[in-house]
**Student:** 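My structure is below; once you've seen it, I'll send some questions.
In what follows, chains carry the letters A, B, and so on, assigned in the order in which the sequence lines appear, proteins first and then strands, with residues in each chain numbered from 1.
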Amino acid sequence: MENKIKQLLLQHSLELFGIEIEENLVQFQQTRKEFEGDLTLVVFPFVKIMKSSPNEVASKIGDFLVGKIQEIARYNVVQGFLNILLTDQYWVDQLRLIRTSSNYGFSEQASKGTVLVEYSSPNTNKPLHLGHLRNNFLGYSVAEILKANGHNVIKTQIINDRGVHICKSMLAWERFSPLNSEGERETPQNTGLKGDKLVGKYYVVFDQQLNLEVKTVLERWESNDFSGVSETLKEQINNLVVARTNSLDEKSLEGINSKLKELAKNETSLMRDVKEMLVKWEARDPQTYLLWTTMNGWVYEGFKATYEAMGVNFDRLYYESETYLLGKDIVADGLNKGVFYKKDDGSVWIDLTSEGLDEKLVLRSDGTAVYMTQDIGTAVDRKKDYPDMQGVVYTVGNEQDYHFKVLFLVLKKLGYTWANNCFHLSYGMVDLPSGKMKSREGTVVDADDLMADVIASAKEMTKERGHLEGMSESQKEKLFSQIGMGGLKYFLLKVDPKKRMLFNPEESIELNGNTGPFIQYAHARIHSLLLKAGGYSDFKSTQLLIEEKELVKFIAQYPEIVKAAGAEFSPAIIANYAFELVKLFNHFYQTVPILIEKDELVKNLRLVLCEVVSDIINRSLNLLGIEAPEKM
RNA sequence: GGCUCCGUGGCGCAAUUGUAUAGCGCAUCAGAUUUCGGCUCUGAGGGUUGGGGGUUAGAAUCCCUCCGGGGUCACCA
């Protein structure tokens, strides 16, 4: 309708305004609910051209439109806003149209080109935590939203399965795991621990042992025992000690102490051994490699269970161990093209100062790859795997904003046009009411524990108030998980991703207010209503109640909402729409009788409305990765 | 310090391609419902959108500046 009016105004702009007008002068907005109307045209832009009062201009346009478009019933003018009222017949026809279109609001599948969505991307030395939940839910949801917008989506992740941090867990396990009666070290099998938890445990053990050794090294230095310490390091230490005796304020004292600690760390046997282990790994030493594959295998088993509970999945996995060497050829190529330059020591850089950024290293002086090299390589590699790839969405925390800014710029400079469609889906940290999550202070919320908690609370509440009769135990368990996870996902997704957010465990599974279960409940209730109604066929109405019309109008916006969510990579837009829809529906449901309506045709119209609303709720929740149970 | 993101009722959030009286949830208070699932609905109180200045017919939104908070500035990933 908006388009129709716009075209009409453009066609007749000469007779109306005296000159040809530009398309962007025709601006619409939603009519405020205190005024009568379904659509509002802002007339200020025309006032300037016509040099008459806003009201006159609006009336002229209003009269013109009423004459030309039969679906327009009448109009009114308030302070330069032209409120247009459409006929009830128009809205009834819209409803009919919506009901008959399959997958209403969604674009045709795979009509738009391939996009990769990367998310999760864990390290294999620690279990997943609350932050990963936000990441996974976001990535999964954005992938679903892009699919709904017609893209062919490949869900992917890059698993950080190598490096010093991985070796730390390996070394700690090898060295500190107790032996059981059979002489075996701890395994998931003989301890019953989840694999990722077991490996994470040894990562912590490593840190503890390292701190002990750091302490003894520092004590040795304090007592002037510098055996085995190089001359240059000794000088560094002495300088720091002198600076410490001279400094008065606490802050610089703290800084000096942490520097000393850093130096001591590098002098521990543990760190030396870990580095040695990494070198061995890179040389593919069979024993080290076996240890690595074994322990990573445990972690993958653990992650598999966590992903299953989360309800997310992936189409294609990339492993850092396979990609960390990639990108060197591309760097060499870029060097030839003059995109990069080489410093005297052989390291390769890119100069981004003209873009307002810094110089950035892309290859070490010893020729080894850095993070950036790998990411360039992986991106190009993916294009090889998916030749029709148009872009990549990277779901990564906002601490890496700068990295991705540089990465996209480098790819562009290298001449990859798809780099223009790359997007860093950057999200803020999840805070707890108790403050920041810190692994050292044990305030990290484990993903498995949290999901279990939330499901347990859902169980409590549903048992009290739910409709569980006739359900088997496994059906009940499934329902509790749908409600608990629905609450958790909705809570994490309803907020604008780039904002830092506060996680409130109790509120997330609340059944009232702006929550997932509130929306699920509305869906379940409609389902039971439709069951009770039995069949229904044709509907008709010449006059809509205000509650009915409001609902149809809101439903009519759905395609726009799906598009906007896709364009902005924002599940929050879907979440907020679903909540508004449910509130509007609840109001309708409360005030308008449905099953007891005597006029069959009117009753059927209301039932169709219910059906369409339930379908939209269901598919909106699915876009968020949330299931909509039929009973709860 | 440079760059960057954020700042909206007590709390948590929406509106940020400018537009009418800044919306919503929680909490608080007052009400409705013999009827389709009371996990419902209606209403009230609560705001100079961090401060100041500017652009505009019109600013939470754009520009400048200051204040507060986060992130980042490694031959780590």
Side-chain angles (χ1 to χ4, degrees), chain A residues 24 27 29 31-35 40 42-45 47-48 54 78-81 83 121 123 158 160 162-166 320 324 343 345-349 356-358 360-375 397-403 405 426 428-429 431 433 436 461-462 464-467 483 491 494-496 498-504 506-507 510-515 517-522 524-530 532-533 567-568 572-573 575-576 579-580 583 585-597 603 606-607 610 631-632:
Chain A
N24 57 20
Q27 294 165 13
Q29 55 182 271
T31 306
R32 293 205 148 219
K33 39 182 179 298
E34 55 267 38
F35 304 111
T40 294
V42 184
V43 299
F44 291 111
V47 171
K48 275 188 197 160
V78 183
Q79 293 175 32
F81 293 90
N83 300 320
S121 304
N123 289 331
I158 178 142
N160 302 301
R162 63 162 284 280
V164 182
H165 50 295
I166 311 291
E320 197 197 321
Y324 81 108
K343 285 194 177 172
D345 62 3
S347 57
V348 181
W349 297 71
L357 306 174
D358 300 323
K360 191 86 190 170
L361 178 88
V362 292
L363 201 66
R364 288 196 191 102
S365 53
D366 62 7
T368 56
V370 288
Y371 184 35
M372 187 59 72
T373 328
Q374 183 214 142
D375 260 5
N398 64 5
E399 66 272 13
Q400 294 196 32
D401 284 353
Y402 186 72
H403 172 78
K405 215 169 164 179
S426 162
M429 193 181 286
D431 284 322
K436 205 172 165 176
M461 267 180 253
T462 314
E464 256 172 59
R465 291 176 274 193
H467 295 245
I483 297 172
F491 193 90
K494 73 177 174 184
V495 181
D496 180 358
K498 67 172 180 284
K499 283 192 180 171
R500 197 187 171 114
M501 73 176 293
L502 192 70
F503 180 72
N504 182 335
E506 290 92 41
E507 199 187 319
E510 197 67 50
L511 305 179
N512 259 316
N514 191 358
T515 66
F518 176 77
I519 296 168
Q520 287 174 319
Y521 176 74
R525 184 209 253 165
I526 296 174
H527 181 79
S528 106
L529 176 73
L530 291 175
K532 212 166 254 181
E568 290 172 42
I573 292 178
N576 286 317
F579 178 58
E580 289 297 323
K583 272 197 303 179
F585 177 79
N586 281 343
H587 175 63
F588 161 83
Y589 178 83
Q590 185 76 12
T591 32
V592 179
I594 301 170
L595 291 184
I596 49 178
E597 168 63 44
K603 177 175 148 188
R606 289 176 190 161
L607 286 169
C610 291
K631 262 185 171 181
M632 65 187 277

**Student:** Starting the side chain at C-beta, find the nucleotide from G23(B), C41(B), C13(B) nearest to R32(A).
**Tutor:** G23(B)
**Student:** Can you list the residues that meet the ring pair (Phe, Tyr, Trp, His ring centres under 6.0 Å) rule with F588(A), with sequence neighbours excluded?
**Tutor:**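 Checked F588(A) against ring pair (Phe, Tyr, Trp, His ring centres under 6.0 Å); matches are F585(A).
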**Student:** Across nucleotides 55-60 of chain B, 5' to 3', mark each nucleotide with B, S or - according to how protein heavy atoms within less than 4.0 Å reach it.
**Tutor:** --B---
**Student:** In whole angstroms, how far is the P atom of G18(B) from the CD atom of Q27(A)?
**Tutor:** 8 Å
**Student:** To the side chain of N512(A), which of U40(B), G37(B), G25(B) is closest?
**Tutor:** U40(B)
**Student:** Round to the nearest Å and state the distance from K494(A) atom NZ to C26(B) atom P.
**Tutor:**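 Rounded to the whole Å, the gap is 10 Å.
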**Student:** Indicate, with a heavy-atom threshold strictly under 4.0 Å, whether E320(A) touches base, sugar-phosphate, or nothing.
**Tutor:** sugar-phosphate
**Student:** Side chain of V370(A): nearest nucleotide among U72(B), A77(B), C41(B)?
**Tutor:** A77(B)
**Student:** Could you check whether N83(A) gets within reach of a base, just the sugar-phosphate, or nothing at all, counting any heavy atom under 4.0 Å?
**Tutor:** base
**Student:** Using the C1' atom in both, what is the distance from U19(B) to G52(B), to the nearest Å?
**Tutor:** 24 Å
**Student:** Using the C1' atom in both, what is the distance from A15(B) to A22(B), to the nearest Å?
**Tutor:**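 Here A15(B) and A22(B) have their C1' atoms 8 Å from each other.
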**Student:** If I pick the C1' atom on C63(B) and the same atom on U16(B), what distance separates them, to the nearest angstrom?
**Tutor:** 15 Å
**Student:** To the nearest 0.5 angstrom, please state how far the CG atom of D496(A) sits from the CD1 atom of I573(A).
**Tutor:**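 It is 9.0 Å, given to the nearest 0.5 Å.
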**Student:** Just checking Q374(A): base, sugar-phosphate only, or nothing, at a heavy-atom cut-off of under 4.0 Å?
**Tutor:**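 If one applies the 4.0 Å heavy-atom cut-off, Q374(A) turns out to touch the sugar-phosphate alone, with no base involved.
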**Student:** Tell me every residue that passes ring pair (Phe, Tyr, Trp, His ring centres under 6.0 Å) with F44(A), counting only those two or more places apart in sequence or in another chain.
**Tutor:**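 Listed in chain order: F81(A).
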**Student:** Under 4.0 angstrom, heavy atoms only, what part of the nucleic acid is A522(A) near: base, sugar-phosphate, or nothing?
**Tutor:**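 Result for A522(A) = nothing.
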**Student:** Going by ring pair (Phe, Tyr, Trp, His ring centres under 6.0 Å), name the residues that satisfy it together with H403(A), two or more places apart in sequence or in a different chain.
**Tutor:** Y371(A)
**Student:** At their closest point, which heavy atom of N398(A) faces which heavy atom of S426(A), and how far apart are they?
**Tutor:** CB-OG, 3.0 Å
**Student:** Look at R364(A) and A77(B) and indicate whether a side-chain polar atom (N or O) is within less than 4.0 Å of OP1 or OP2.
**Tutor:**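 For A77(B), OP1/OP2 do have a side-chain N/O of R364(A) under 4.0 Å.
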**Student:** How many angstroms lie between atom CE of M632(A) and atom OG of S528(A), to the nearest 0.5 angstrom?
**Tutor:** 12.5 Å
**Student:** How is M632(A) classified with respect to the nucleic acid when contacts are heavy atoms under 4.0 Å: base, sugar-phosphate, or nothing?
**Tutor:** base
**Student:** Would you indicate whether the side-chain heavy atoms of N514(A) and N576(A) approach each other to under 4.5 Å?
**Tutor:**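 Yes - at least one pair of side-chain heavy atoms lies under 4.5 Å apart.
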**Student:** Round to a whole Å and report the spacing from CD of E510(A) to C1' of C24(B).
**Tutor:** 16 Å
**Student:** Main chain of R364(A), side chain of T368(A): is a donor-acceptor contact present, judged purely on distance under 3.5 Å?
**Tutor:** no
**Student:** Whole angstroms only, please: what is the CG-P distance between N504(A) and C11(B)?
**Tutor:** 14 Å
**Student:** Please evaluate residues R525(A) and N586(A) with respect to the criterion side chain to side chain contact (heavy atoms under 4.5 Å, CB included), reporting the C-alpha separation (whole Å), side-chain torsions for both, the decisive distance (0.1 Å), and the verdict.
**Tutor:** CA-CA 10 Å; R525(A) 184 209 253 165; N586(A) 281 343; 3.1 Å; yes
**Student:** How far, in whole Å, is C5(B) from U65(B) if one measures between their P atoms?
**Tutor:** 14 Å
**Student:** Quick check: does any side chain N or O of T373(A) sit under 3.5 Å from a backbone N or O of V362(A), one acting as donor and the other as acceptor?
**Tutor:**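 Pair found, side chain donor or acceptor close to backbone of V362(A).
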**Student:** Rounded off to whole Å, could you give me the CG-to-C1' distance for the L529(A) and U40(B) pair?
**Tutor:** 14 Å
**Student:** Any side-chain N or O of N160(A) less than 4.0 Å from the OP1 or OP2 oxygen of A77(B)?
**Tutor:** no
**Student:** Return the nearest nucleotide to the side chain of Y521(A); candidates are A20(B), G71(B), G37(B).
**Tutor:** G37(B)
**Student:** Counting side-chain heavy atoms from C-beta on, which of U19(B), G25(B), U35(B) comes nearest to I596(A)?
**Tutor:**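 Closest nucleotide to the I596(A) side chain: U35(B).
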**Student:** For nucleotides G31(B) and G54(B), find the distance between their P atoms and express it as a whole number of Å.
**Tutor:** 49 Å
**Student:** Does R606(A) use its side chain to pair, donor to acceptor, with the backbone of P593(A) at less than 3.5 Å?
**Tutor:**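 Pair found, side chain donor or acceptor close to backbone of P593(A).
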**Student:** Please produce a list of atom pairs where a protein N or O lies less than 3.5 Å from an N or O of nucleotides 6-8 of chain B.
**Tutor:**
{"from": "G7(B)", "atom 1": "OP1", "to": "K499(A)", "atom 2": "NZ", "distance (Å)": "3.4"}

**Student:** Mind checking T40(A) for me? I need base, sugar-phosphate or nothing, with any heavy atom below 4.0 Å counting as a touch.
**Tutor:**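 It contacts base atoms.
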**Student:** To the nearest Å, give me how far apart CG (L530(A)) and C1' (G37(B)) are.
**Tutor:** 13 Å
**Student:** Of all the heavy-atom pairs spanning T515(A) and E510(A), show the shortest one and how long it is.
**Tutor:** OG1-O, 3.0 Å
**Student:** Out of G25(B), G37(B), U19(B), which nucleotide sits closest to the side chain of S528(A)?
**Tutor:**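 That would be G37(B).
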**Student:** Check whether any side-chain nitrogen or oxygen of H587(A) sits under 4.0 Å from OP1 or OP2 of U42(B), and answer yes or no.
**Tutor:**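 Yes.
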**Student:** K405(A) or V592(A): which one's nearest nucleotide on RNA chain B is closer to the 5' end?
**Tutor:**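 Looking at the nearest nucleotide for each, K405(A) comes out on the 5' side.
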**Student:** How about Q374(A) and I158(A): do any of their side-chain heavy atoms sit closer than 4.5 Å?
**Tutor:** yes
**Student:** For C610(A) versus L529(A), what's the shortest heavy-atom pair and its separation?
**Tutor:**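 The answer is SG-CD2, 3.7 Å.
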**Student:** Within the structure shown, what part of the strands sits under 4.0 Å from F579(A) by heavy-atom distance: base, sugar-phosphate, or nothing?
**Tutor:**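 Answer is sugar-phosphate: F579(A) comes under 4.0 Å of backbone atoms only.
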**Student:** When you compare C29(B) with G46(B), how far apart are their C1' atoms, in angstrom units rounded to a whole number?
**Tutor:**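 12 Å, rounded to whole Å.
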**Student:** Nearest whole Å is fine: how far is C24(B) C1' from N586(A) CG?
**Tutor:** 14 Å
**Student:** C24(B) and U8(B): how far apart are their C1' atoms, nearest whole angstrom?
**Tutor:** 12 Å
**Student:** Using atom CD of E568(A) as one end and atom C1' of U16(B) as the other, report the distance to the nearest whole Å.
**Tutor:** 10 Å
**Student:** Can you work out whether T31(A) or G513(A) has the more 5'-proximal nearest nucleotide on RNA chain B?
**Tutor:** T31(A)
**Student:** Can you give me the dot-bracket string for RNA chain B, 5' to 3', counting Watson-Crick and G-U wobble pairs with both distances under 3.5 Å, using [ ] for crossing pairs and | for partners on another strand?
**Tutor:** (((((((..((((.....[...)))).(((((.......))))).....(((((..]....))))))))))))....
**Student:** Is it the case that U40(B) (base atoms only) and Q590(A) (side chain only) share a donor and an acceptor within less than 3.5 Å, ignoring hydrogens and angles?
**Tutor:** yes
**Student:** Pick base, sugar-phosphate or nothing for Q79(A), based on heavy-atom distances below 4.0 Å to the nucleic acid.
**Tutor:** nothing
**Student:** Please state the C1' separation for the pair A59(B) and G53(B) - nearest whole angstrom.
**Tutor:**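 Approximately 14 Å lies between the C1' atom of A59(B) and that of G53(B).
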**Student:** Just so I know, are the side chains of F503(A) and V495(A) near enough to count as touching, which here means a heavy-atom distance under 4.5 Å?
**Tutor:** no
